[in-house]
Amino acid sequence: MASTGQEQRRRLDQGGKGPDGLQSQDQGKDKAPDLEGLEEGQITAEQAVQLQPQLGNAALAAMMERAGIGSAGLGVEGQEQEEALEVGQEEEEVVGEELEGPWFGGGGGGGGGGGDAPWDVGKLFGGDDDDDGPSSAAAAGRLRPSPWRDLPAEPEDEEAPPEDEAVDPEDHAVVDIALPGLPRGTVTAPIGDAVHGTVARVLARADRVARPGLQAEHLVDQSGPGEPLGRPISLARLLARHGRDARSRALGRALASGAAALLVPDQGAAPAVARLCALAVDAQAAEAGGDVVDRILDAGLQPWAWTRAVNASVRMGRRGRLHAPRIAQRIVGELEPEGPVHIGMPAGPSDVALAARLLDEMLPVPQAWSVPGLALPEPVALAEDEHLAAIDDILAEWTGGESFLDPPADPVVDDQAVRPVLAAATNLVNAMGRLQVELAAAAAAARTAREDAPVRQVLVHADRALRVIARQVIEAGDALSALRGNPRARAHDAAAPHVAILRQGAQALTELRAWALDALGERVASGLSHPGAPGPQGVLPAAALDALRRAEGGQPDVARAALQRLLDGTSSPPLQRDLAFLLALLHLEQARPDEAEAALARAWALSGPAAPCSWTRLTAGGLLCALQQRRGAWRAAANTAAANREVARARNHLLALADSACADAACRLQLGDPAAAVGSLLAAGHVLRKQDARAAVVLVSAHLAELRSVVGARTFDAVLQAFVGG
């Protein structure tokens, strides 16, 4: 027994590598381990040793080849041939990284799969079974699917709206001549509310925003965080769930649930995008975190990272090179900036916690682990009646040939006893592969949000820890598998230390995931220094905070009534202003636009011009203007937009300036003065262009193109000629 254990440890340490230190895939195919019985949860000591060096390599490659995933993942054979030329060079680099042991990253056998492919891709990534027949993976006892969040598919390249909804390219061409776009690169450093650029990062092209006739279904068409309409709503949802300020959470809930009430149909998509983006920036400003919070939220708006990580792992797994640093590198390129790594200013604990939560939210729901012990049957209860016992003995002798005079057989551990705990062991190995992909996706999101974030070392440390856990789990599973056939009386004591190792491995896996997300969150939040605009002034009374907590807990009616009582009983104008604004948000969240408008008008009047930089005045003004337009009060909306423009300038809120310009143009158009609408937009566009407000200029340009298609080329071009000539 001792020599067998030494041989197994030697093979574990070698990881199935050849003389040159690398595992041969051809050799793995020619000498595939005998996996018979593995789909039923049975792992022998010899099978565990055979599987270990293939974990995440040849086994995963064979699985993908049999499942037919390789062709779908790579697209064309020519790409496979091109990538095959890189194998030698890349694997030589891996040897130089001093990462001992095999790569754990696609593995997990055991509980499912049919035929010769017990390693099923659904177990690795939690997919659903399409085939429910007797030979399907589900019938063979595959692992249950993992819980998923609603993750979007990978976005395609930027495209303009469909031709039947898009603005004529000639309209864009005319606008580009009068209001050319800004060159790449920001000339001046952003200040004030302009540091919040998360929602503006999808506003790069006017033809992706412009759409003359906006309808309610367009909110569904552009619901993803990569779409102009979907991104501010996605940001609002993040703040509604994870915002640290009660005001940002309340505004986030109102935007996420009441966005349709803020949009005016048939006014074009550009004004709607400008309005939602401006209000989303207001919600960010309530956090008072400057560009630190901006980058953290940007990292949370990268759900495509998971899809890209899965696609990259499929490609890499076919060559047996599934490895978190390599997956992340395939998505974003080099993981470390040139020169020495500089973390910069340390991140605050709350910033790190927020970043970790947002990175976690873009990943599938983590699994909850339960490692059972041996499933030993309860001893058969003896009949208390001596006559019944005698009858049982006679029946046992007649039916089974067991004489009551013979000594009872010593019960032994059978396959049924070890199957649950071995299934838990294979589930753990499965999770190690998924965790490689999850951490690669989180690192890619961190690097996308902050280009100089040093994330590679986090992935390297996590990979090393995964190997240690994997070795312990495999050795424990090996020992538990060897208990079959041993006396049942001593099985519990013999299995206890190995079951404890599996439970410690499950706990270590959970803690490793949390540590890695915290470390990546710290990389996102560190080193940023722009202060941003001041947050909301004043402290809300305890009763108001309690009311907001009740709204968050699913009691909006109780919260609304509590805020109304508090508002009616106070005489302090600043406090009344804030309470009226919060009450309006609750009304808006519950789709009560009329009550919301009345509360906003009160908050707007109480703010007054004495507080030109008031966050409440700016946000309440934007919401009030939207509801006035929705009701058709165009002259009142124009006055609100003009007053809000001054507050936006004081806070350097460039998207709010674009929103005010679009709202003013819409009001002038509805009041029967299309020439004034075009001239107002042109003037605002040139002012924003001087401020290097790229996204704001895109919004104004998109709305100008929409107006040209609405008012007609002759009217528009005449105003344009007069404006340029003047």
Side-chain angles (χ1 to χ4, degrees), residues 232-259 261-262 276 279-289 293 296-297 300 350 353-354 357-358 361 533-604 606-607 611 614-624 626-627:
I233 297 176
S234 298
L235 177 66
R237 287 173 181 158
L238 288 181
L239 287 172
R241 289 191 291 267
H242 303 292
R244 298 170 296 185
D245 188 277
R247 297 169 178 86
S248 67
R249 295 195 302 272
L251 181 55
R253 290 196 310 274
L255 289 179
S257 60
L262 303 175
L276 291 180
L279 292 171
V281 170
D282 291 345
Q284 283 184 269
E287 291 288 301
V293 171
I296 291 173
L297 291 168
S350 62
L354 177 61
R357 288 198 302 269
L358 296 186
E361 179 146 328
Q537 301 298 315
V539 178
L540 291 175
L545 293 174
D546 181 67
L548 292 177
R549 281 193 291 269
R550 288 177 178 271
E552 294 170 358
Q555 297 178 291
D557 294 332
V558 175
R560 192 178 67 252
L563 275 180
Q564 185 65 60
R565 289 195 301 269
L566 189 61
L567 180 62
D568 294 339
T570 183
S571 59
S572 173
L575 185 58
Q576 282 189 334
R577 175 196 66 192
D578 292 338
L579 293 177
F581 174 68
L582 293 174
L583 182 61
L585 293 181
L586 290 181
H587 283 308
L588 188 61
E589 182 183 349
Q590 291 189 281
R592 298 167 177 253
D594 295 336
E595 291 90 340
E597 183 179 348
L600 286 170
R602 183 174 182 180
W604 170 261
L606 290 171
S607 298
S614 169
W615 175 86
T616 303
R617 181 170 175 80
L618 177 63
T619 311
L623 291 169
L624 179 61
L627 294 178

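This one's a predicted model, so the numbers in the text were calculated from it and none came from an experiment.
- Between the Arg550 side chain and the Pro556 main chain, no donor and acceptor come within less than 3.5 Å of each other.
- The closest side-chain heavy-atom distance from Leu239 to Leu255 is not below 4.5 Å.
- The two residues Pro541 and Leu566 have their closest heavy-atom pair at CG-CD2, 3.8 Å.
- Here OG of Ser257 is found 9.5 Å from CZ of Arg237. Values are rounded to the nearest 0.5 Å.
- Residue Ser571 comes nearest to Pro573 through the heavy atom pair O-CD, 3.3 Å, listed as atom of the first residue, atom of the second, then distance.
- Proximity of Arg249 to Leu548: side-chain heavy atoms (C-beta onward) are nowhere separated by under 4.5 Å.
- By the side-chain contact (heavy atoms from CB on, under 4.5 Å) test, Gln576 pairs with Leu567, Thr570, Arg602, Leu606, sequence neighbours left out.
- Side-chain contact between Leu540 and Arg247: present, with at least one pair of heavy atoms (C-beta onward) separated by less than 4.5 Å.
- You'll find the side chain of Leu588 reaches within 4.5 Å of the side chain of Leu262, heavy atoms only.
- Within the structure, side-chain hydrogen bond (donor to acceptor under 3.5 Å, both in side chains) pairs that include any residue of residues 585-594 comprise Arg253-Glu589, Asp557-Gln590, Arg560-Gln590 (at least two apart or interchain).
- With rounding to the nearest 0.5 angstrom, the CG atom of Asp546 is 9.5 Å from the CG atom of Leu563.
- Note that OG of Ser607 is 10.0 Å distant from CG of Leu600, once rounded to the nearest 0.5 Å.
- The shortest non-hydrogen separation linking Ala547 to Ala562 is CB-CB, 4.1 Å.
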Worksheet entry | Trace of the side chain to side chain contact (heavy atoms under 4.5 Å, CB included) decision for Leu297 with Glu287 | CA-CA 11 Å; Leu297 291 168; Glu287 291 288 301; 5.8 Å; no
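- Residues Trp615 and Asp282 come closest through the heavy atom pair NE1-O, 2.8 Å.
- The minimum heavy-atom distance linking Leu279 with Leu251 is given by the pair O-CD2, 3.7 Å.
- The two atoms that bring Leu627 and Pro593 nearest to each other are CD1-O, 3.8 Å, heavy atoms only.
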